[in-house]
Structures are given as structure tokens and as C-alpha cells.
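Hydrogens, waters and symmetry mates play no part in the numbers below; they use all other heavy atoms, side chains included. Residue numbers start from 1 in every chain, and the chains themselves are labelled A, B, ... in the order their sequence lines are given, proteins ahead of strands.
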Number of protein chains: 2
Amino acid sequence: MAHSRPTLADVASTAGVSVSTASLAFSGSGPIAEETRARVLAAAERLGYSGPNPLGRSLRSGRSGIAAVIIGDHLRRSFRDPVAIQVLDGLTGALGQLGLGVLLIPALPDPERPTAVDPLVESAAMDAAVLIWGFRTDDPVLAVLRRRGVPVVVGEGPSTTTAPVVSIDDQTGSAALGRHLLELGHERVAVVSLPFDAARRCGPVDAARRAQLDWAPTRHRLLGLESVGIRPTVVMEAEASLVEAGREAGLRVLQGGPGERPTAVVAQSDLLAAGVLIAARELGLRVPDDVSVAGFDGLDLPWLAPDVLTTVVQPLQARGEAMGRMVGRLLAGEEPEDMVFDVELRVGTTTAPPPPR
Amino acid sequence: MAHSRPTLADVASTAGVSVSTASLAFSGSGPIAEETRARVLAAAERLGYSGPNPLGRSLRSGRSGIAAVIIGDHLRRSFRDPVAIQVLDGLTGALGQLGLGVLLIPALPDPERPTAVDPLVESAAMDAAVLIWGFRTDDPVLAVLRRRGVPVVVGEGPSTTTAPVVSIDDQTGSAALGRHLLELGHERVAVVSLPFDAARRCGPVDAARRAQLDWAPTRHRLLGLESVGIRPTVVMEAEASLVEAGREAGLRVLQGGPGERPTAVVAQSDLLAAGVLIAARELGLRVPDDVSVAGFDGLDLPWLAPDVLTTVVQPLQARGEAMGRMVGRLLAGEEPEDMVFDVELRVGTTTAPPPPR
DNA sequence: GGTCTGTCTCGAATCGATTCGATGCGGTGA
DNA sequence: TCACCGCATCGAATCGATTCGAGACAGACC
């Protein structure tokens, strides 16, 4: 007591009341005379007691006040994508409303021990977990959380789980974009895709690779195009949703003469699309005169000015907030349904009819 | 016991041992027969017991295994800056090594109640806190943490505190950049600065505003230029370290004819510099022929290609890691000194001698 | 005066683990 | 044979709070 921080018991004895009364003075859950309360608070002030220790409180209540946000990648890679940031921002806001803090866990899969899981996933205190990025259908993280009995919300990830999923209507949005390109008259459409899985290869996709496709947004956005009858001349898998990766993929996709190369490139994210724009510029191609470029996400990319990207707008922050609210419902004992947000095609200046032959 | 999750006591009684022995089987801190241990683990497996409850463990050990990372802004604003992301990435990595999780707290100052503090800062369980962004010298967050007795490491922030600070040598780096410009022959140098404080105005800085300058990197980078004799023709404060803000400030700074406008613009971050480049392009100015532009941070900005920004490179991830290690030393009871990283001038293609008159 | 009601306070149990000191036991050396 | 030692195990205290049921007391009413 001399050295360590004061406890509620110290405060109580200083104030001349019992521990339970002192507890009441802080929590306010129960009848207490105003005068007594003031005496307790004064004693606390005097001792430099700064409120009930959260650890003791947690143990008793069984709740830690923490929601884990688990990401299957390095932060420096995932969070260079403004998409992730905005979702996270909405999520922390909504969780904050619930009184929950956000424990950030970058749960990198270890290629050498694929079933191993970050120790924090295994043992950190958490009332719920949100998987927002980069998980496989059979991800061990999911298994560990289930074993621990932690309620889980899945942001972007496998849909074949027992956890509720908050996602966007990738497929419909992609289909709308596809129709837009068809109406403009495009026949040779190339796709620069998001990664297929954690392997993060970069290169053209063949049938074998296509069969491995495990990442939900990638698959749905591809299906959307195909659903309106577009057969991509090539699907070029990018290493990550980053400008640099889009540029690299763009350079490979846009090779060839006017008769061979695609007249339109659909990138599966705005950052990839920005990279493709840069690649086109480097190759001396005019957008949209020589080639049309479209993205996905609806980011605000001022440095593309004066170009305005044709893209599919998704509600990023709202998606994060919805994930947060779903955590709340899970904790309230409900069994929420999956949730799908609508998206909207926004036509900019980067798509136009294909060049005449 | 029927409904709730099994506890160590359940496992112990199932295995036919005492609770303390069962604890030993999991923690491994103490002698235990291999055979007994196996029996305990088997019982745990049978009951679906997934390891000791972190809350109980925490209460006993007095440690939560959590380090708070506190940011004085919305995530969607701070984290759109790759600088913040890379620092955070290094930080989480280093804290992970220590077995600490990262509790992310966006502690937005409430303009109506400036002394109020996010409830999580007030009451979340944490073994240490790292303030990485956007704090004033007399920030109430710091006061609350001190009252709670939480060890604090300051990333970018007030240097006049009792907490150790991990920073970079802004001033020397800025001075090197200043000398580079002087050697090229520049006389009219404008500055596009980082925000001065949380107020986030955007506009030219007058003496009164200059006196309010409370944000360490802004001040030091300004001092560095002045220390080599550069008197900026104007200091234009930007709203945030973002491309769009840099563009806006750049448009205002680059007004005027060849004889009036600055021949060089020093932006206090690479994102701001990128915005200035865009502004110059929009105004029909060639870089570096008509105007030189320099930044700070040393980011990888592929979409500026073929330009390569002249900038001051700072070790972002290493800085984050150092902050993490400093937390470790604080927890070990040491009293670490402040830490300052060196930076390095990297000359790119965006600076050249001023145009002849 | 006695009883009842309502308000305030208290003691003790509880949350789930860790840890320290004690105990029992088989084996060794004198 | 006895004292002693080390290993494995156990019991009980402990961490810091919350909460429930019980008790004390004052005022109101019959």
C-alpha cells in the first residue's frame, strides 16, 4: 500500500466506509447518500486514486471492454490502402459508442506453419473479434476464436462461416460497370485483379490459378463482369491493392499494338486503376481515347486530377460502422443476419467508346 | 459450470488434481511430472477448455498485456498519411515481440470541452501508452495517464514532458535541405507547412499564428531552414499532411509572375510536396525548371514517376520499432533517455537552380 | 408503543487465475 | 535407523473490484 497504487479498499478505509459503499460511490449503481459519496470521492482525490482498476472490474464482469480487429497481413501493406483505413475508422467509431476499445492484431500467417496463429489471437482478452481483411475460408484464426467462444464478425472474408458477414454487393456493382463498358462498345476488356489469396503472386491468371481463387471480393467482382457476358482477354493478378502494383500489372496488360491490346481495363480497386492510368501514361496511351480505365471503391483521389475515375462507389465508413453495430448485437445475444451494402456506378472521365480501328 | 465456459478449476477436478497443479501444467513455471501434465491437458481438451482466462491471469499479474496507442485525431485523417502507417507498423511489430497487443485509441479532442478525454484513455486496461500523433504540450491525455500511473512514450509530440520522446532530427535534416537550395542559388523560398496545432487552419502564417506554433515537427523543420539563413517569403499552413491540402496550399503559394513567385517551395512532408507538384502542373509551371519543390519523409511515391522528389529521408519503421522497444525498457523499470534518429537528404529530380531572370 | 417502509450501509461471496509456503514421499548418506 | 534432501503436489491467500442479501436506522402511520 505504501508503494503500489491505492486500491478501492484504501479509499474506503480512508473515507471511513466499507469497500462496497466505496464501490457504489464510483459505479453509481445503487443507493448512496450524496454526502457519503462526496466523502469517498474526496478520499480518492487525496490518495491519488484514479478510478476502479479495469482489471478487477473486468474479472468480475467477465467483460474486457475490448474488441479485437484482426488483419491477415502487415499493417504497412493493408493500411496503405485508404479503403482499409476508412472501414477501420467507421469501425472504431461504432465500437467506441459501445464502450469498446479496438485491439489491433496483425495476424500474419506463417508460411512455414500454416496452422499457427498469432499468440494474441490465442490469448488476448477480447469480448468479440472482427476479421476485416485477408482471411481464407478455412483460416485457423477462425477456428481458434470459435474454440475460445469469442463472437466473430467477418468484414471481408469467407462467407461460408458461422459468423455474420458484412459485405458489399461486389457482383452487382461489377456487373453495372461491365454493362457500362459494353454499351460504350468495348469488346476487348482486360482485368487487373486483386490478389487471389495470401500467396500474392503477380501475373496472368490461368485456369489452375483461377481455381484457387479464395478471396471473396476478387471472386465476386470477377463474376460480376462475367455475368453480363464479358470474357476478359486476360486477368492479371496484382500483388496488392496498391498503386505500384497496379502500374506493374497495367504495363503488362497494355502491351501490344492498337489491334491487340485491350480497349478497356477494369481494375478491381481504385488504387490499382490509378496504377493502370500511370502505366498508360508511361506507354504514351491517352485515357480514355486510346484505352478506358475503370476502378472500384469510389475513393477520393485528388492527384488524379483532372481525370475523374470511372468507378463503383461503396460506402466505406458506413460498412465499418455496420460491422461495429453488428458486434453490439452479437454481444446483446442476438443472432444477426449477414448484411450487404449496395454500391453505385459512378461514371467519370476515364471511360469512353473504344478507338475506331 | 453447465452453461458457462469451463475454468481451470473444472479442468483440475476432471483431471483429479488441484487447481494449483493444473495452473502449473499450463504456465510451466514450476516442477510438474510429465505424466500429470499430460493428464491435465487431456482433461482440458475433453472439456473444451482453451487456456487460462486472460482476465484472471491479468488481475493476478497486474499486467494486461496491452499497450495503448493514442492518436489525437480521426483515423481516417491520420492514417491516410503513409508516415503514420509505417510508424504504426514498426510499433506493433516491436510491441508484439514483447507480447503486448496494441489498443488503438483515437482520442479526439472535443472542442467544446477541451479538458475532456476519451473514456478509454480514462479507464481502459493498459500497461503503457504511446502517444504518436497530434498532442499539445499541455494535453489532458498526458495528465490523465500520469494520474493513472501509466508509463508513456511520446512519438511525435511535446518534448517538454516527463515521458521519453522518440523523434527524428527534423532540424538538422531541414537545414541540410536548406543548404541544398541555397547552393542551387535560390533566394525566394516558400514553405508549405504541416499544421501548427489541432485547430488546422489553412492559410498564410502571420506573427501571431507563428507564436502559437505548438507542434514539434512543424516547428523544428521551420527552424532548420531559418538556421541556415533562409527567410521564407511566405509560410503557408496546410490543413493536414495530405496531397489535397498540399495542392491547395501550393496553388496559393505559386501565384504571381516569374519575378514574384518563389523559385522554390519547401513542403514539410512528401504528401504536401506531391500536392504542390500537382498545383504547379495545374498552373502550367514546369518542375524543376520554373520552380523547385522539396518534401520531407522519404516516402515511396511511385505515382510521381518519372519525377523523383527531393526530400529528407527518415527511418519510419525503425522509429516505430524504437518506440516499441522503449515501452519495453519502461516496463522493465529503466528510465530511458530521449531518442533521436538521424535523417538524410536525398536529392531527386524536383530541385534545380532557379530560372534565369 | 409497535410495526412497517424505505433509505443507506455493510459483510461476505465471487470472478479465474497465480504463487508461496507447507506437506508427503521415496531415496541417499552417515 | 535416522536425518536430510529434492521433487511433485496441494491448500490457501491474493489480485481489485462488483453484487447480493442482510442489517441498521429514521420517519410515518395505526
Side-chain angles (χ1 to χ4, degrees), chain A residues 1 3-41 43-44 47-65 122-127 148-150, chain B residues 1 3-41 43-44 47-65 122-127 148-150:
Chain A
M1 173 174 164
H3 285 295
S4 61
R5 307 194 62 71
T7 71
L8 192 56
D10 300 329
V11 174
S13 74
T14 305
V17 300
S18 73
V19 186
S20 35
T21 303
S23 173
L24 256 34
F26 283 99
S27 70
S29 61
I32 185 168
E34 193 47 54
E35 193 262 345
T36 313
R37 177 203 202 86
R39 211 166 67 240
V40 172
L41 294 182
L47 293 178
Y49 177 80
S50 52
N53 181 324
L55 294 177
R57 186 202 290 266
S58 290
L59 175 60
R60 184 62 232 245
S61 66
R63 290 225 169 161
S64 59
E122 198 82 65
S123 69
M126 57 181 82
D127 295 341
R148 290 188 57 183
V150 173
Chain B
M1 171 167 166
H3 284 295
S4 61
R5 306 193 63 73
T7 72
L8 192 57
D10 301 328
V11 174
S13 76
T14 304
V17 299
S18 74
V19 186
S20 35
T21 303
S23 174
L24 257 33
F26 283 99
S27 71
S29 62
I32 187 170
E34 193 46 53
E35 192 264 345
T36 313
R37 176 202 203 85
R39 209 166 68 241
V40 172
L41 294 181
L47 293 179
Y49 177 81
S50 53
N53 182 325
L55 294 176
R57 185 202 291 265
S58 289
L59 175 59
R60 185 64 235 247
S61 66
R63 290 227 168 159
S64 59
E122 200 81 66
S123 69
M126 57 182 82
D127 295 342
R148 290 187 59 184
V150 174

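Contact check, Tyr49(A) against dA17(D): a side-chain N or O comes under 4.0 Å of OP1 or OP2.
Here the side chain of Arg148(B) pairs a donor or acceptor atom with the backbone of Glu122(B) at under 3.5 angstrom.
Taking CG from Leu55(A) and CG from Asp127(B), the interatomic distance works out to 8.0 Å, rounded to the nearest 0.5 Å. Put simply, OG1 on Thr21(A) and CZ on Arg39(A) are 9.0 Å apart, with the number rounded to the nearest 0.5 Å.
Going from atom CG of Leu8(A) over to atom P of dC15(C) covers 20 Å, rounded to whole Å. Going from atom CZ of Phe26(B) over to atom P of dG16(C) covers 15 Å, rounded to whole Å. At whole-Å resolution of the value, CG in Leu55(A) and C1' in dG16(C) are 13 Å apart. Protein atom CG of Asn53(A) is 18 Å distant from nucleotide atom P of dA17(C), rounded to whole Å. What separates CZ of Arg5(B) from C1' of dA17(C) is a distance of 16 Å, to the nearest Å.
Using a 4.5 Å cut-off on side-chain heavy atoms (C-beta onward), Thr14(A) and Tyr49(A) make no contact.
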Polar atom pairs between nucleotides 6-10 of chain D and protein, under 3.5 Å, N or O only, would you list them?
unit_1	atom_1	unit_2	atom_2	d
dT9(D)	OP1	Thr36(B)	OG1	2.1
dT9(D)	OP2	Ala33(B)	N	3.0
dT9(D)	OP2	Thr36(B)	OG1	3.2
dC10(D)	OP2	Ser18(B)	N	2.9
dC10(D)	OP2	Ser18(B)	OG	3.4
dC10(D)	OP2	Thr21(B)	OG1	2.7

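Note on Ser23(B): a base of the nucleic acid sits closer than 4.0 angstrom, heavy atoms only.
For dT14(C), its base sits under 3.5 Å from the side chain of Arg60(A) at one donor and acceptor pair at least.
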Arg5(B) vs Ser50(B), side chain to side chain contact (heavy atoms under 4.5 Å, CB included): CA-CA, chis, key distance, verdict: CA-CA 9 Å; Arg5(B) 306 193 63 73; Ser50(B) 53; 4.1 Å; yes

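For Ser20(A), the side chain to side chain donor-acceptor pair (under 3.5 Å) test picks out Ser18(A), with sequence neighbours left out.
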